[in-house]
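Here the structure is laid out as structure tokens; the discussion comes afterwards.
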There are 2 protein chains.
Amino acid sequence: MKSIRNTVAKNEIHKLIAGSTVALSQAELQAATKGLCDRVTIYRILDRLTQEGLIHKVLNVDGVMKYAGCADTCKAQHKHDHIHFSCQKCKSLTCLAGVEASYRLPAAYTVMEANFTLSGICPNCT
Amino acid sequence: MKSIRNTVAKNEIHKLIAGSTVALSQAELQAATKGLCDRVTIYRILDRLTQEGLIHKVLNVDGVMKYAGCADTCKAQHKHDHIHFSCQKCKSLTCLAGVEASYRLPAAYTVMEANFTLSGICPNCT
DNA sequence: CAAATAAACGCAACTAAGTTGCACTTACAA
DNA sequence: TTGTAAGTGCAACTTAGTTGCGTTTATTTG
Ligand SMILES: [Mn+2]
Ligand SMILES: [Mn+2]
Ligand SMILES: [Zn+2]
Ligand SMILES: [Zn+2]
């Protein structure tokens, strides 16, 4: 059984993501931590936190991966079907925690994951 | 007024996209055309076709851009709010032309574009 | 507390997608 | 037919993400 260890870098990065209202990219985390650890280490920490179910990935509209903290309600059962919003002005990517999309697609499709992202102007930039 | 010219490469690539049931990436188009033109040229052709409103972009779940033909109904007014399906087995990305998602998000958000992609198993792979 | 060990890390090298600059070629309008 | 701006090829570059490997360190166990 491969155990997962706690390290300073991991805790710091988890705290940053959990305390952020917007999803963060590896580059943003690296800038925010300024030499705390190597960039490769950040990628590996993000993988671990994702595996542990503490954060979830969101692909931004520019193709760059961002990471957001899992909500409290997520602890019971992970479900990340909420819509995300990508602001074209401030470039922020936000989890719209409560907002889910409904759709009806032809059967024969088996859905395993949903990736819904709207882009436009966020409230802060209006 | 900058005009847009027709070239062999452009026509060939447009035909490939228009005749495909799935969205295609630059790499896939390059493989399908085998030395028709440089890879940079493919990127530039894709940009032009997009600008002309003949194709539209779809970001795949792996962060790679794919391109799909615009539907006939699209000629009246472009609107690409339909859902896309990304198959985890055959890696295909399909426009679900008729299928749109409905959602209700907090006002104060101004939506300009929608990017809805479901992933799972497509009918061909079931 | 000390030693063992597997997880975590740093660094260098690599891949893959996409972009840019510039000289050369070609579609097409005049 | 010819001038010219649009299109192309090639080399170089950027940025995100991955991999291999030798070294460090958190945690377990005696
Ligand atoms: Mn979660
Ligand atoms: Mn269209
Ligand atoms: Zn989210
Ligand atoms: Zn589409």
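Chain A is the first sequence line, chain B the second, and so forth, proteins listed ahead of strands; every chain is numbered from 1.
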**OP:** Begin with the C-alpha distance, continue with both residues' side-chain angles, and end with the deciding distance and a verdict on ring-ring contact (aromatic ring centres under 6.0 Å, His included) for Y103(B) and Y103(A).
**Re:** CA-CA 9 Å; Y103(B) 49 87; Y103(A) 49 89; over 10 Å; no
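Side-chain polar atoms of T117(B) and N115(A) form no donor-acceptor pair below 3.5 angstrom. Between the side chains of N6(A) and K10(A), at least one donor N or O sits under 3.5 Å from an acceptor N or O.
S20(B) places no side-chain N or O within 3.5 Å of a backbone atom of A23(B) that could act as its donor or acceptor partner.
The interatomic distance linking E12(A) (CD) with dA8(C) (P) rounds to 18 Å, in whole Å. Note: CG (N11(B)) to P (dT26(C)) measures 16 Å, nearest angstrom. Between K10(A) atom NZ and dT25(D) atom P the separation is 18 Å, expressed in whole Å. Atom pair Q51(B):CD and dG7(D):P shows a separation of 10 Å (rounding to whole Å applied). Atom C1' of nucleotide dA16(D) and atom CG of L59(B) are separated by 13 Å, given to the nearest angstrom. One can place CG of D47(B) at 16 Å from P of dA6(D), the figure rounded to the nearest angstrom. For I45(B) and dA27(C), the CD1 to P distance is 12 Å, given to the nearest whole Å. When rounded to the nearest whole Å, the span between OH of Y43(B) and C1' of dC10(D) equals 15 Å.
Y67(A) and I55(A) make their closest contact through CD2-CD1, 3.8 Å (heavy atoms, listed as atom of the first residue, atom of the second, distance). In terms of heavy atoms, G120(B) sits closest to M112(A) at CA-CG, 3.6 Å.
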Check nucleotides 26-30 of chain D against the protein and report each pair of N or O atoms closer than 3.5 Å, with its distance, or say if there are none.
from	atom 1	to	atom 2	distance (Å)
dA26(D)	O3'	N6(A)	O	3.4
dA26(D)	N3	R5(A)	NH1	3.2
dA26(D)	N3	R5(A)	NH2	3.4
dT27(D)	OP1	N6(A)	N	3.3

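In this structure, the nucleotide among dG7(D), dG17(D), dG18(C) sitting nearest to the side chain of R48(B) is dG7(D).
Listed in residue order, the members of residues 18-41 of chain A having a heavy atom less than 4.0 Å from DNA chain C are C37(A), D38(A), R39(A), V40(A), T41(A).
Nearest-nucleotide positions on DNA chain C for R44(A) and R44(B) put R44(A) closer to the 5' end.
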